[in-house]
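Sequential numbering from 1 along the given sequence is applied to the chain's residues. In each ligand, atom 1 is the first atom listed, and ligand 1 is the first ligand listed.
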Amino acid sequence: MTSNTSKTEREIKMRECLQCGTCCKKGGPSFHLEDKILIDKGIIPSKYIYTIRKGERSYDNVKECFLPASSDILKLKGQKGSWTCVFFNETNNNCTIYEHRPMECKVLKCWDTIEIEKIYAKNRLTRQDLISSVEGLWELVEGHQERCSYDILKFFIDSLHTDKKDEALKGILEIIEYDIKIRELVVQKSGLETDLTDFLFGRPIAETIEIYGLKIKEEKGKYVLIPTG
Ligand code: SF4
C-alpha cells in the first residue's frame, strides 16, 4: 500500500510543475507576439531583453543544435553572467513575475515538450513589432542591421579561406568597429541605458564572432582578429 501510494505520488509529480526552478536556470524564454503586451506595459523592461539577430547562429533548443536565426529572436537575459533568468529569485526559488510570465514559460512542461515544440518558432516577436514607430531610433536599428548583417559577416568569414582574405579581414573589422561605435554613440548622445543596446543592436559582434571560431583583441587602439580554432 505504502509503496503503491508512493508510486502514484511519483506519477502525479511527473505530470505537474514542481517549481524546482531548473527550467528558469537553463535560460530565459524567447518572446512571441502574445507577449508584446508585457513589454508595452513595462512589466518586462526592454533592458532585460537581448536580440538574436536574423542570420545569427544560436542554439535551437528544440532541434538541439546551432542554427542561423530565421528572424529576430528576442530573449530574456540571464542574471550575473549566468543562464538563470533575470526574473528568477534564487532565495525563494520562484519567478518574480509569475502571474505575468511569458507564453513559453506558461506552456513549458519539462516532462512533456510537445506543446512548447508546437509554438517555439511561431509568431516570434521582433524588434520591428516593438519599436518601428519610434522615429529616429528605428532608422538607427535598420541602418545597423543593413551594415552589420550576419549574412554579410558570414560572407566575409567564409572568404577568409580564399584569395580575398585581406578584403574579408577588412570587412569583418569594419563591421565590428561600426557595431561597437553605434552602441557607444547611442548611449552618449541619447542618454539611453547601456543595457538597452543588446536589445536594439543584438548581442555585440565582438562577442558573437567567437561562435564562428574567431576572437577580437584590441592592440594599440586597433582591433585584430585571432582564430580560436
Ligand atoms: S520569466 Fe519566470 S518562469 Fe519564465 S524563465 Fe523567468 S523566472 Fe522562470
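Residues satisfying the salt bridge (Lys or Arg N to Asp or Glu O under 4.0 Å) criterion with Arg53, sequence neighbours excluded, are absent altogether.
Note on Asp158 versus Lys154: salt bridge recorded, some NZ/NE/NH1/NH2 to OD/OE distance being below 4.0 Å. Between Lys118 and Glu115 there is a salt bridge, since a side-chain N of the basic residue sits under 4.0 Å from a carboxylate O of the acidic one.
Protein N/O/S atoms found under 2.8 Å from atom 8 (Fe) of ligand 1: Cys24 SG.
Remark: the backbone N or O of Lys122 is paired with a side-chain donor or acceptor of His32 at under 3.5 angstrom.
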N/O donor to acceptor pairs below 3.5 angstrom from side-chain atoms of residues 184-197, sequence neighbours left out:
unit_1: Ser190; atom_1: OG; unit_2: Val186; atom_2: O; d: 2.4
unit_1: Ser190; atom_1: OG; unit_2: Leu192; atom_2: N; d: 3.3
unit_1: Thr197; atom_1: OG1; unit_2: Thr194; atom_2: O; d: 2.7

Please table the atom pairs, donor to acceptor, closer than 3.5 Å between any side-chain atom in residues 200-213 and protein atoms at least two apart or in another chain.
unit_1: Arg203; atom_1: NE; unit_2: Glu56; atom_2: OE2; d: 2.9
unit_1: Arg203; atom_1: NH2; unit_2: Glu56; atom_2: OE2; d: 2.8
unit_1: Thr208; atom_1: OG1; unit_2: Tyr150; atom_2: OH; d: 2.7
unit_1: Tyr212; atom_1: OH; unit_2: Arg57; atom_2: N; d: 3.3

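Taking every non-hydrogen atom of Pro102 and a distance limit under 4.0 Å, the qualifying atoms of ligand 1 come out as 1 (S).
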